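What follows is a short report on a single structure.
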Amino acid sequence: MVDYVYKDNESTMPTLSAQLTSRMGDGSGNHEAAYLNAIELLVAALSFGSMIDIGCGRGRIAEAAAGKISELVALEPDPGRCAWARAALEKHDSVAVHQLVTHEYIAQNPGKQFNLVILGMVLQHLSTRNCARVMSDITTLTKDGGIVVISTTHALESTKCFTYQHVSSARITEEEFNAYADNPHAQDKGLPVHRFSRAEFEALVPPPFEIVQWNQFSYYRPEFLPAVATVHGTDPETLKDVGNSQFMVLKKKS
């Protein structure tokens, strides 16, 4: 089992969420609505099948899908978050929560594949080497014709970077980022954060998959744009139509 700890107590999330909007309707809804609605639709369409939620955290997405899809597996390597997810999902007989990463699960369950694979807001915290490994594992875990939904950070090509959660204005090299990301017990500046451009994100897609949809979500509210633009090293006008996050829906070719 990988010795991993998630170096964030999530206390900053409400503050961040308050700065974001869905830009749907009057813009007052859940800033993640576009992403979550896509998953909800796919769970309904694939209710006969199986789903794996990789890096499930406290089980938010898995809990929303539980009971709506025939089989659900959730993976979370951090012991505290895994325990939280297990407690939230224990009433569902069709759900199994494992304190594992993808390659460990594959080793313990050779040949196991899923109709729907979710990788939500994980890649930006992994070293580039581990990003490639997880994407390879997703290929192994997805049935032919299966669907994958992946979300991560989003930045313009001109503002993509490697940085730290609690020193968001910092800019570090890929080598520094990878060393920090690969040693979670020593992450004294919060989580490592890779701000992906769309091109970087799409370049991660393995050959067996085609991109069915790309979308951005979680836009900054206008009153917060000046401060965000300063951190990103650009101007507010440039960022006004740029989501803080992005997701792709992939289909594995038969």
Side-chain angles (χ1 to χ4, degrees), residues 1-13 32 35 39 50-66 69 71-90 92 94-114 116-142 148-153 162-166 174 176-194 196 201 204 206 245 247:
M1 183 183 299
V2 169
D3 180 23
Y4 175 79
V5 58
Y6 184 78
K7 297 291 283 187
D8 180 31
N9 62 13
E10 301 183 84
S11 62
T12 60
M13 288 307 298
E32 297 179 297
Y35 168 58
I39 294 176
S50 56
M51 167 180 158
I52 185 167
D53 184 4
I54 299 168
C56 72
R58 294 184 173 188
R60 178 178 61 128
I61 289 175
E63 190 172 11
I69 196 160
E71 179 190 4
L72 197 160
V73 170
L75 306 182
E76 174 51 53
D78 176 79
R81 286 156 65 87
C82 184
W84 187 294
R86 280 181 176 147
L89 292 159
E90 63 182 357
H92 297 281
S94 61
V95 179
V97 181
H98 302 285
Q99 189 189 332
L100 298 171
V101 295
T102 50
H103 68 267
E104 293 172 330
Y105 180 82
I106 290 167
Q108 293 180 21
N109 301 272
K112 180 66 175 174
Q113 292 187 312
F114 297 85
L116 179 59
V117 177
I118 308 295
L119 182 67
M121 303 307 292
V122 170
L123 291 180
Q124 69 272 17
H125 303 314
L126 303 180
S127 66
T128 53
R129 175 183 60 82
N130 273 334
C131 268
R133 183 173 193 174
V134 169
M135 293 302 292
S136 176
D137 289 344
I138 283 174
T139 303
T140 302
L141 289 166
T142 308
V148 178
V149 184
I150 308 174
S151 61
T152 190
T153 53
F162 299 100
T163 187
Y164 305 110
Q165 178 189 19
H166 298 321
E174 181 175 342
E176 290 170 323
F177 174 84
N178 286 340
Y180 187 78
D182 282 338
N183 189 9
H185 291 278
Q187 290 174 1
D188 58 347
K189 302 176 184 68
L191 295 168
V193 180
H194 181 176
F196 280 93
F201 190 29
L204 293 174
S245 302
F247 73 91

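Remember, predicted model here, so these are calculated numbers, not experimental data. As a basis for the values below, the full set of heavy atoms in this structure was taken, side chains included, without hydrogen atoms, waters or symmetry mates.
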Just how far is it from atom [atom1] of [X] to atom [atom2] of [Y], taken to the nearest 0.5 Å?
{"X": "N109", "Y": "H98", "atom1": "CG", "atom2": "NE2", "answer": "6.5 Å"}
{"X": "T140", "Y": "I106", "atom1": "OG1", "atom2": "CD1", "answer": "4.5 Å"}
{"X": "L100", "Y": "C82", "atom1": "CG", "atom2": "SG", "answer": "8.0 Å"}
{"X": "S136", "Y": "L141", "atom1": "OG", "atom2": "CG", "answer": "9.5 Å"}
{"X": "I52", "Y": "L119", "atom1": "CD1", "atom2": "CG", "answer": "10.0 Å"}
{"X": "I150", "Y": "F201", "atom1": "CD1", "atom2": "CZ", "answer": "5.5 Å"}

Partners meeting side chain to side chain donor-acceptor pair (under 3.5 Å) with [X] (sequence neighbours left out):
{"X": "D137", "value": "T102"}
{"X": "Q187", "value": "none"}
{"X": "T152", "value": "Q124"}

Flag the pair [X] / [Y] as yes when at least one side-chain heavy-atom distance between them is below 4.5 Å, and no otherwise.
{"X": "R86", "Y": "R81", "result": "no"}
{"X": "V95", "Y": "E90", "result": "no"}
{"X": "L191", "Y": "Y6", "result": "yes"}
{"X": "L75", "Y": "E104", "result": "no"}
{"X": "S94", "Y": "E71", "result": "no"}
{"X": "I69", "Y": "M51", "result": "yes"}
{"X": "F196", "Y": "S245", "result": "no"}
{"X": "L123", "Y": "L204", "result": "yes"}

- Task: Applying side-chain contact (heavy atoms from CB on, under 4.5 Å), run through V117 and I54 and close with a yes or a no.
- Result: CA-CA 8 Å; V117 177; I54 299 168; 3.8 Å; yes

- Query: What residues form a salt bridge (Lys or Arg N to Asp or Glu O under 4.0 Å) with E63, not counting sequence neighbours?
  - Reply: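 Salt bridge (Lys or Arg N to Asp or Glu O under 4.0 Å) list for E63, sorted by chain: empty.
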
Between [X] and [Y], which heavy-atom pair has the shortest distance, and what is it?
{"X": "A66", "Y": "L89", "result": "CB-CD2, 3.9 Å"}
{"X": "S151", "Y": "G120", "result": "OG-CA, 3.3 Å"}
{"X": "A181", "Y": "S127", "result": "CB-N, 3.6 Å"}

- Please check if the side chain of Y180 supplies one atom and the backbone of K189 the other of a donor-acceptor pair under 3.5 Å.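 Side chain of Y180 to backbone of K189, a donor-acceptor pair under 3.5 Å: yes, one is there.
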
- Heavy-atom donor-acceptor pair, T142 side chain to I138 backbone, under 3.5 Å: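 Yes: the side chain of T142 pairs with the backbone of I138.
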
- Item | Any side-chain donor near an acceptor of the partner, T128 and E174, under 3.5 Å |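 A donor-acceptor contact under 3.5 Å links the two side chains.
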
- Message: Does either side chain, that of D188 or that of H166, offer a donor lying less than 3.5 Å from an acceptor on the other one?
- Response: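 No donor-acceptor contact under 3.5 Å links the two side chains.
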
- Mind checking whether Y105 and F114 have parallel, tilted or perpendicular rings, split at 30° and 60°?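 Y105 vs F114 ring planes: tilted.
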
- Query: Residues two or more places apart in sequence or in another chain: which of them pass ring pair (Phe, Tyr, Trp, His ring centres under 6.0 Å) with Y35?
  - Reply: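 Checked Y35 against ring pair (Phe, Tyr, Trp, His ring centres under 6.0 Å); matches are F217, F247.
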
- Query: For F162, which residues count as a ring pair (Phe, Tyr, Trp, His ring centres under 6.0 Å) partner, sequence neighbours excluded?
  - Reply: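 Residues passing ring pair (Phe, Tyr, Trp, His ring centres under 6.0 Å) with F162: F177, H194.
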
- Decide side-chain contact (heavy atoms from CB on, under 4.5 Å) for D53 and V73; before the verdict, give the C-alpha distance in whole Å, the side-chain angles of both, and the deciding distance to 0.1 Å. CA-CA 6 Å; D53 184 4; V73 170; over 6 Å; no

- Message: What verdict does the side-chain contact (heavy atoms from CB on, under 4.5 Å) test give for H185 and D3, after you've listed the backbone C-alpha separation in whole Å, the side-chain angles of each residue and the deciding distance to 0.1 Å?
- Response: CA-CA 9 Å; H185 291 278; D3 180 23; 3.2 Å; yes

